[in-house]
Participant: 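Would you mind keeping the following structure in view while I ask a few things?
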Amino acid sequence: MSQSIGTRRQLYALSTPAVLFTLLLIAFPFGYTVWLSLHEVAMGGTPRFAGAGNYAAMLRDAEFWNGLWITFGLYLLSLLLQLVLGTWVALLLHGAKRLSGVVRTLMISPFVLPPVVVGMMWLVILDPAIGAANWLLQQGGLPRSDWLASPTWVIPTVALIDTWQWTPYVALIVLGGLQSLPPNVYEAAQIDGASRARIFRRITLPLLLPTLVTAAILRSVDLLRFFDIIYITTQGGPGNASNTLNIYGFRKGFEFFEIGYASALMITLSTIVLGAVLVMTQARKRVAW
Amino acid sequence: MAAIHLKALTKHYGAVTVIPGIDLEIHDREFVVFVGPSGCGKSTLLRIIAGLEPIDGGDLYIGDRRVNDVPPAQRDIAMVFQDYALYPHMSVFDNMAFGLEMRNTPRDEIARRVKRAAEQLHIADFLDRKPKALSGGQRQRVAMGRAMVRNPQVFLFDEPLSNLDAKLRGEVRTEIKALAQTLQTTMVFVTHDQVEAMTMADRIVILKGGVVQQVGTPQQVYNTPANAFVAGFIGSPTMNFFDARCVAGGLRLADGTLLPLPEARARTLGGREAVQLGVRPEHLRLQPAGPGAVPVQVRVVEPLGSDTLVYADVDGRRVVARVAPEDTPAAGDTVHLGVALERAHLFDTASGLALR
Amino acid sequence: MAAIHLKALTKHYGAVTVIPGIDLEIHDREFVVFVGPSGCGKSTLLRIIAGLEPIDGGDLYIGDRRVNDVPPAQRDIAMVFQDYALYPHMSVFDNMAFGLEMRNTPRDEIARRVKRAAEQLHIADFLDRKPKALSGGQRQRVAMGRAMVRNPQVFLFDEPLSNLDAKLRGEVRTEIKALAQTLQTTMVFVTHDQVEAMTMADRIVILKGGVVQQVGTPQQVYNTPANAFVAGFIGSPTMNFFDARCVAGGLRLADGTLLPLPEARARTLGGREAVQLGVRPEHLRLQPAGPGAVPVQVRVVEPLGSDTLVYADVDGRRVVARVAPEDTPAAGDTVHLGVALERAHLFDTASGLALR
Amino acid sequence: MDERWIRRLNTLQIVVVAVLILLPIAWMVLGSFKPSAQVTAYPPRLFFSPTLDNYRQLFETTPFAAYTWNSLVVTVGSTLIGLLLGVPAAFAVSWTRITWPATVTLLARMAPGTLFLLPWYLLFRELGMVGTYGALILTHAVITMPIAIWVLLPFFDAIPRSVLESAQVDGCSVPRILWRIALPLVMPGLVVSAILAFVFSWNYFLFALVLSNGDTKTLIAASFNFIGEGATYWGALMAAATLIALPPLLLAFVVQRRLVAGLAIGAVKG
Amino acid sequence: QAAPGFNWRKHEGKTVTFLVNNNPIGNALVKLKPEFEKLTGITLKVDGYQEQQMRQRLVTVMNARSDEVDLFMSLPSREGMQFAKAGWYADLNEFLKTAVAKDYDLKDLSAGMVADATYDGKVMGLPLNVEGPVVFYRKDLLQKCGVAVPRTLAELEAGAAKLKACDANVAPFVSRGLKPAAPFTFSVFLHNQGGSYMKDRKSQLCSPAGQAALGQYSRLLKDFGPPGVVNYSFPQISALYREGRAAMAFESSNELRNVMDGGARLNDTGIMPLPAGPGGSKPTVIGWTLSVSAHSRNKEAAWYFLQWATSRAVQEKMALEGIAPPRASVASDPDFRKWIDELPVRREWIAALNALSQTGISEVGYPIVANPASREPIGQAISELILGQKTVAQACADADAALNALIAKE
Ligand SMILES: Nc1ncnc2c1ncn2[C@@H]1O[C@H](COP(=O)(O)OP(=O)(O)OP(=O)(O)O)[C@@H](O)[C@H]1O
Ligand SMILES: Nc1ncnc2c1ncn2[C@@H]1O[C@H](COP(=O)(O)OP(=O)(O)OP(=O)(O)O)[C@@H](O)[C@H]1O
Ligand SMILES: [Mg+2]
Ligand SMILES: [Mg+2]
């Protein structure tokens, strides 16, 4: 954009190793999986070329479409929750400069926990019969809930668990963004007579947008491939109410050993994620200042 | 109703005392210009008035209200920041409109005002651009425009024209004056430009190290500076100072030249032995050799077009005379400088106070 | 060896053409000042010379080397940025030392040079502070000092003194000139200050919309401006322009006043019907009523101390005369302005070119 | 509204958030001191006689120290590589505003992790690296690097261009600008990205599943071992989780001062 | 039929890698590793993972035809046919003829289980344990509510109804509702109802017996199970029962330890096979087998471990850890008997397991190569019925359609 050619060359030299490293490591896996997805693979036998057969089968597979909608629903719900709450928590932390280090550290602790533990933990807490969550609800005189066992509530519940775990992560990223905003702009806004709420809406939020999009990108790549929590708690159930594409693909591949079809699912999912990321990187350019 | 009153106001940054204690009254609808050397606390004062800096001691009143603890947003002030502080994510239009929007001005009224200010400042072509895509002077004009569209109790301008060319600066100066007349608002203006200070101010406040040296109309501070600092600071090129001994019949300069002093002036010396003689460059004239003329060798000649500056050394000090371009001597020439003593100033050597 | 040569150089920002094609030669060791209205491309040119902006067309030579593709770090240039661009995380000392460090200057040599520059710029007291804790002018001086410690092939200064008071500015100006003389380096200087331009430049380059209007010594551009734009831009207050019709025996102004024109001047008109007459404020004088005197009503009087500016309207245009403070009329007075026609300039109405 | 009330309201909100975040964590930590059967007790037991049995069991049945060491080697290694490759890339992407290199590095995060298992196993077997730290560090760097890049991008974006340019004029090569100018200015960002990269690598188990062997198995891969038909060791699982979470939390605590430092920017004009 | 010149130390100095499931069976075996190494001089490298992870690793390693793993555990009832077809198991017949120790008694191992791991006449694995779903029930609660220990499925259902009316805080009956896990317990209902999964290569869920089983199983869970039972698998079931919140739990025999953890259920629990139905009592019995990888480069050394692990001496020791032995002779081991007699519940447990071994079959899901995939529609139908989303007829029809397609693909 605005560097001389010499400078530009030096800058390319800085980003090349990262790109090369990635390409070196992922070229083969992607190529191999694409290849597999074009074959019918029986375990132990020789793969038979099937053209787009796996993909065609996928488009006819009701479970695929079900998984697609679940994936998108869970994705949008979780992303929205996490961005909103993450920004809120970041603003709180940003404002509370004197908060003790221990509390500050503990507040980001959920995403430090291993996903398997988070899953198991919530499995117990949310058990409709003997879980602490329903016990608390009952103490509060509220109706119990079936949480993960209800086909209607399983996705919101999983989204809540994920939000509990990953909101601090978003908050951490947003907090960083908050700290690198130009301070003099706030003085100008105060002079211009803007209230707190309006400063937030008109100054902080737009200035923060690139950071928020970044957080959204980082969350999207994980959320669209939603796996751990569901795998540990419901394995796609009840019924297939939480059978995300990634869960479905995994089970096809590693539990039912349909490797060709699973590869097609994985390639499709990767393409979807790539699409989402591309859309968001464009958005990121749009909101840059 | 929008007079500004600073009472024994003090300000420190950590261990650094920037304002050791200032008392100042700015009247309603007055146009006050702050001048002073770089780092003397002008911006700090503006920021204190705006409410952006906490006060360490004393009181600040705007109108009748003590505003020490009033947040900036409630002070109804418009300000041009020395570093512009434009909103990087907003277009020029939005930058200028923001303050009005915050005050719920109707859309069309905003558009009208922004357009007018943009035309006055010659930035109407850039209304859709982000600040990033503007030149330094254009940014400064946006900052200016942001204040000019408003109708606040007080305007604060922190060197708002420093990056504009002379012509544009002249135009904008006129617009600001017109604004001051139309809106009848109190204005506080910081500038390093002598012309700006002299032409715009109702009163000039000269600061040094956070301390007020003199407050007065432009004519007062120019013609009757309170002390040598003010005399040296106001006027460009700067006033020439000579050490002089008081002798019978006048002042004797270090090189022996005797300048005859009128009886009335001599009385102000109050029996001092030595004084400082201050002479503005335009009050030194080239004249033929003779009594009262100081012979000097010309060091540097700076033709400015409209006049020419002639530099020479007298008694180890550089002096400068402003002469008509036609009279220009060449560097190395020996010329004789006459002093228009009736226009010269006398200062106490120790305190620097004007003797009058 | 450090001449700078711009050949048919062009530059766009997206759809905006900033430099439509410039040819310019800056000689080795020359002190060149760029002036021009805000937004005319001065900073862009400096940035191109520094290598910070890619060139869209044409060539740039520094010395004998085509540097179109040479990164800034290898051009051996020192630059003062219009927005300072100080390193926020470094102390003033480190800010100034950084460029020397990068060139592996020995520690003690760095300390020596930084200290000297800091003293010249009166920032020796702040060497340990971070830029954030400095006033605007102090920051600008640090930016200046960062360049002054260096000994590069070329110095580029982008309005380096705009935030300094007149006195300091005068001092620093002197230091820069001394530096230019000591280091014998090529210097390119952007300023809006007429005095700076006139006093420092070997040659002045006047730009408008990225196009060179005139290149010449200060005297040349002041006394023989190439066109009406240059004439209007150089000089402060700005030159007065009158529409005039060429009649036998002289020029007739719109209000009917006939100004007698010497035979020699009249010949330069080349039979034109109408021309523009340009008269600098100091070449308008108050005179008694009589032939060749334009009667005007005084609108505004601006006493600057050393002189007084008198504004009046002639034929719908504002004119300004610079008069001695003693002669000051009052606003509303009717006075007669005489034109020093031998000093006046004539321009072609359509092209603006000077007629000479 | 009064400043004081705003502050109180803030405090209240922080308390609410902290409780919501910390309640489950407290439940987990308490669980690690309960006998397994009591972890799932109903109603939940607040009062119990704490036991260290779970921790004892942990250290007796699993080579916990060895796994911790493996995790540390892999995580520190991949975090360093991630930062080493990612920081310059983020800097370049931010400066040029050309985003595709950053997008490319994210590719590995766009595919389900399981996609890589077999191909990488084949690849690293070919290289004779299965079961070595090297394979784990390299594959984990594919996770850490894009995080470092993307988290740092907004921080680099916040550095005024002219500061970088002035360093160029001062004779600084681009890599040196990164080192001397940009990095100090994005220190808080570096800290955030280092923490995040560390956590992600620390908690990632899928690649270790096939690329490590018994000797290089990571802590997180081992943590699954407490769940299973026939014996779900709830207490031990909670104890393991507590211990596993400790190193990243310690890291976060040690550097948290830096997290709130804010950028030093603000000393430039325009 | 001991091989002549068999020498335990023949492969001294070699290393074999054992991909082990970190379940109690694998753990008990691994505990004895020093004895094996001392006996043979072979180094045993243990690579342990939780079940799903182990499977994931195994699939990767075997698909890569890697020799990294020499020995692994698998469930013939689930993946045996698939692995055999893929050629991952080494044929053990040759070793059984030529390389067995004198005292190794193949016949003593449960014949059914060996048969389950035999494909095309080739023995591809030998059993490490026996297990199967059994009913854990609360004697005290049944008594309190006046419910006799059920002897038929109908009585079970009636008893559940009585329990429900008697104590609202306790779930009368609980078993697996989680889709992938449910076929394990459901199979017993199907078989006891007199049904079977497949006849003439057609899925039989809509047969009267199939519908009866689906209906009954889902009814029991829906009406008498705890809320959220649709997500229940072993961890929740054990916890629920242990907490005294279930009167009857139909769960794997392996869960004994979990259920007894904390000691609350030690004295009020009875254990029995699932009561008989119209089709009699055909309990499910399965077990983990140990196999040698076809890609191993140390097949014989690996076989040595396999042989050692399935030997009577070792299985006796594992039995003392609570691993139900696939060897009949272990039952008479005095140490084991003593262990059994320590607690009454252990006695009932081993009795139930004996019943399983004697009458049980190993069919869980469809006897086709894609057995794991075949479990999906079964679980799906059960989930839908528990959630009340379909009628039995609809659910079985949908499942049959999916399953017939799957069968047809073979
Ligand atoms: N990114 C951009 N996109 C479009 N136009 C731009 C961009 N950057 C600069 N310009 C325009 O280029 C022109 C030249 O800018 P430059 O900064 O060189 O002006 P300048 O002569 O230094 O002005 P000033 O005296 O105000 O600093 C200006 O009119 C500016 O609006
Ligand atoms: N954070 C700080 N810590 C210490 N000293 C400070 C800090 N901020 C400002 N100062 C000092 O306070 C003094 C007043 O600064 P101020 O910005 O008001 O000066 P100014 O009169 O506006 O100067 P200029 O004309 O250069 O803009 C300066 O000497 C400056 O160095
Ligand atoms: Mg200032
Ligand atoms: Mg500029």
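Within every chain, numbering begins at 1; the chains are lettered A, B, ... in the order of the sequence lines, protein sequences first and strands thereafter.
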Participant: Check the side chains of S306(B) and R280(C) for a donor-acceptor pair under 3.5 angstrom, ignoring hydrogens and angles.
Facilitator: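 Checked: R280(C)/S306(B) side chains show no N/O donor-acceptor pair below 3.5 Å.
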Participant: Could you tell me whether K42(C) and D165(B) make a salt bridge, using a distance below 4.0 angstrom between a side-chain N and a carboxylate O?
Facilitator: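 So K42(C) does not pair with D165(B) through a salt bridge.
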Participant: Between D193(B) and R169(C), is there a salt bridge with N-O shorter than 4.0 Å?
Facilitator: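 No, R169(C) and D193(B) are not salt-bridged.
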Participant: Give, as side chain, backbone, both or neither, the part of L168(B) having an atom under 4.5 angstrom from any heavy atom of chain C.
Facilitator: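 For L168(B), the contact with chain C is made by the side chain alone.
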Participant: I need the R318(C) CZ to E171(B) CD distance, nearest 0.5 Å.
Facilitator: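 R318(C) CZ to E171(B) CD: 12.0 Å, rounded to 0.5 Å.
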Participant: For the residue pair V16(B) and R129(C), what are the closest heavy atoms and their distance?
Facilitator: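 The answer is CG2-NH2, 3.5 Å.
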Participant: Below 4.5 Å, heavy-atom pairs only: which of H283(B), K167(B), E159(B) has the largest tally toward chain C?
Facilitator: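 Top count of heavy-atom pairs under 4.5 Å with chain C: E159(B).
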Participant: Side chain, backbone, both or neither: which part of P218(C) has a heavy atom under 4.5 Å from chain B?
Facilitator: neither
Participant: Measure S135(B) against the heavy atoms of chain C and call it side chain, backbone, both or neither at under 4.5 Å.
Facilitator: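 Side chain of S135(B) only, per the 4.5 Å heavy-atom cut-off to chain C.
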Participant: Indicate whether the side chain of S162(B) and that of N163(C) have a donor and an acceptor atom separated by less than 3.5 Å.
Facilitator: yes
Participant: Of the backbone (N, CA, C, O) and the side chain (C-beta and beyond), which part of Q138(B) lies under 4.5 Å from a heavy atom of chain C, both, or neither?
Facilitator: both
Participant: Report the option among D158(C), T238(C), L304(C) that has the most heavy-atom pairs separated by less than 4.5 Å from atoms of chain B.
Facilitator: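 Sorted descending by pairs with chain B, the first entry is L304(C).
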Participant: As an exercise: rank G36(B), P37(B), S43(B), S236(B) by heavy-atom pairs under 4.5 Å with chain C and give me the winner.
Facilitator: P37(B)
